[in-house]
Amino acid sequence: MLTLEHVTKYYGRTLANDDISFRVEARQIAILLGPNGAGKSTLIKCISGLLRYTGTITIGGFWNKTDEAKRLLAYFPETPAVYDLLTVAEHLEFIRRAYRLEDDGYGDELLDRFELADKRDKLGRELSKGMQQKLSICCGLVHRPKLLIFDEPMIGLDPHAIKELKLLFQEQKAEGNALLLSTHMIDSVEDYWDVTHIMKDGRFVATQHNDPEAGSTHSLEDLFFSVTEGSQPPCTL
């Protein structure tokens, strides 16, 4: 579903992403794990078409900046960006019109699920940061994307929303969609990942697959601290 080949990003003379190649398949939850400043958010913004880069990024076989690719994609930034003067309901209507979709009731289901149904008539500027984050999730899902990209998805959410989001990850995977999650919080992803790429200084320094039959002796936490705080060379497990 998502393919990156030799993606490199500079900010001036500063190298933020260094020749990164990987794939995220359908029915897979992939994690970008790394300390702050490792290059995770920059890479996600490149994938989402928000930054220029060198290399190749395709979504569903389409160049990531094409309309076809964007219809398959949902990007959920760490800091939600909602419209101050649109109500919660108007946000969903705006997204439906942008994608030329009929109202099939899915938006209302999402509002119920994330406890926003009673906030339908509230303006974006009247919502707390946590509510804005939940609204951002609902807006990103309403067009039923095939590739979901989350940057620090759990930050700012209440326990109910975190529970629902984790269930949503599993449901999206079961439906055949691909998910890419970026975080520096190991415990927020330890229960449901398929493959984790650990980043440091703009590079992948380790990749671990969640395969119990492989019998790996390394926990994700052990591997993370070994390669980000030690001198271990890049590895794949």
Side-chain angles (χ1 to χ4, degrees), residues 1 29 40-41 44-45 47-51 59-60 64-185 187-189 191-192:
M1 177 57 67
I29 299 175
K40 306 185 303 298
S41 293
I44 279 182
K45 289 177 182 177
I47 296 169
S48 302
L50 301 177
L51 294 175
I59 299 171
N64 69 316
K65 294 191 177 183
T66 62
D67 289 343
E68 292 87 351
K70 291 176 181 178
R71 286 186 175 277
L72 299 173
L73 171 68
Y75 165 53
F76 305 87
E78 177 181 353
T79 301
V82 303
Y83 295 100
D84 287 348
L85 298 180
L86 290 185
T87 67
V88 167
E90 287 170 344
H91 275 82
L92 295 181
E93 180 63 20
F94 178 79
I95 298 299
R96 281 193 293 267
R97 293 191 183 192
Y99 284 94
R100 296 180 173 83
L101 301 174
E102 296 294 330
D103 185 358
D104 60 358
Y106 184 49
D108 290 334
E109 292 177 22
L110 293 169
L111 293 182
D112 285 336
R113 181 166 192 173
F114 287 95
E115 298 183 319
L116 289 176
D118 61 340
K119 306 293 190 299
R120 291 178 56 87
D121 297 324
K122 279 195 171 291
L123 297 175
R125 68 184 181 188
E126 297 175 328
L127 302 176
S128 68
K129 182 179 179 181
M131 290 180 182
Q132 290 181 355
Q133 185 76 349
K134 292 192 288 186
L135 176 57
S136 177
I137 292 170
C138 293
C139 288
L141 292 171
V142 76
H143 73 287
R144 292 184 168 86
K146 298 299 183 183
L147 171 65
L148 291 77
I149 300 180
F150 290 84
D151 195 359
E152 299 291 357
M154 306 302 176
I155 291 180
L157 294 180
D158 56 53
H160 174 83
I162 290 174
K163 176 185 175 183
E164 288 300 324
L165 191 57
K166 288 183 176 182
L167 288 172
L168 183 75
F169 293 158
Q170 298 288 5
E171 292 167 4
Q172 292 290 319
K173 175 183 174 180
E175 290 174 11
N177 298 330
L179 296 93
L180 178 63
L181 283 58
S182 168
T183 187
H184 65 277
M185 302 165 60
D187 58 350
S188 70
V189 298
D191 297 331
Y192 50 79

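- One distance of note links CZ of Phe169 with CD of Glu164; it measures 12.0 Å at 0.5 Å rounding.
- Distance CG/Leu135 to CG/Leu111: 7.5 Å, rounded to 0.5 Å.
- Contacts of Ser41 classified as side chain to side chain donor-acceptor pair (under 3.5 Å), with partners at least two apart in sequence or in another chain: Asp151.
- With respect to Glu171 and Arg113, a salt bridge is recorded, a charged nitrogen being found less than 4.0 Å from a carboxylate O.
- To the nearest 0.5 Å, the span separating CZ on Phe150 from OG1 on Thr183 amounts to 12.5 Å.
- Heavy atoms of other residues, nucleotides or ligands lying less than 6.0 angstrom from NZ of Lys65 number more than 12.
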Would you mind writing out the side-chain donor-acceptor pairs for residues 72-88 within the sub-3.5 Å range, not counting sequence neighbours?
unit_1 : atom_1 : unit_2 : atom_2 : d
Thr87  : OG1    : Glu90  : N      : 3.1
Thr87  : OG1    : Glu90  : OE1    : 3.4

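- Both tests hold for Arg144 against Tyr106: distance to the six-membered ring centre under 6.0 Å, angle to the ring axis within 45°.
- In this structure, CD1 in Ile59 is found 11.5 Å from CD in Glu68, a value given to the nearest 0.5 Å.
- For the atom pair Ile47 CD1 and Ile149 CD1, the distance stands at 5.0 Å (nearest 0.5 Å).
- Nearest approach of Leu116 to Cys138, heavy atoms of both residues: CD1-SG, 4.4 Å.
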Test side-chain contact (heavy atoms from CB on, under 4.5 Å) applied to Leu92 and Asp103, step by step: CA-CA 9 Å; Leu92 295 181; Asp103 185 358; over 6 Å; no
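- Residue Phe114 holds its CZ atom at 10.0 Å from CG of Asp158, rounded to the nearest 0.5 Å.
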Intermediate values then yes/no, side-chain contact (heavy atoms from CB on, under 4.5 Å), Leu167 and Tyr192: CA-CA 10 Å; Leu167 288 172; Tyr192 50 79; over 6 Å; no
Report, one line per pair, each donor and acceptor closer than 3.5 Å where one atom sits in a side chain of residues 118-130; sequence neighbours left out.
unit_1 : atom_1 : unit_2 : atom_2 : d
Arg120 : NH1    : Asp108 : OD1    : 2.6
Glu126 : OE1    : Leu123 : N      : 3.0
Ser128 : OG     : Met131 : N      : 3.2

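- Closest approach of Arg96 and Glu102 over heavy atoms only: CD-O, 3.9 Å.
- No more than 12 heavy-atom neighbours from other residues, nucleotides or ligands sit within 6.0 angstrom of NZ on Lys146.
- Contact between Pro145 and Gln172 at its shortest, heavy atoms only, is O-OE1, 4.1 Å.
- Considering all non-hydrogen atoms of both residues, Ala161 and Lys134 come closest at CB-CD, 3.6 Å.
- The two residues Gln133 and Pro153 have their closest heavy-atom pair at NE2-O, 4.0 Å.
- When all heavy atoms of Arg71 and His143 are compared, the pair lying nearest together is O-CD2, 3.4 Å.
- A distance-only check finds no donor-acceptor pair linking the side chain of Ser136 to the backbone of Gln132 [under 3.5 Å].
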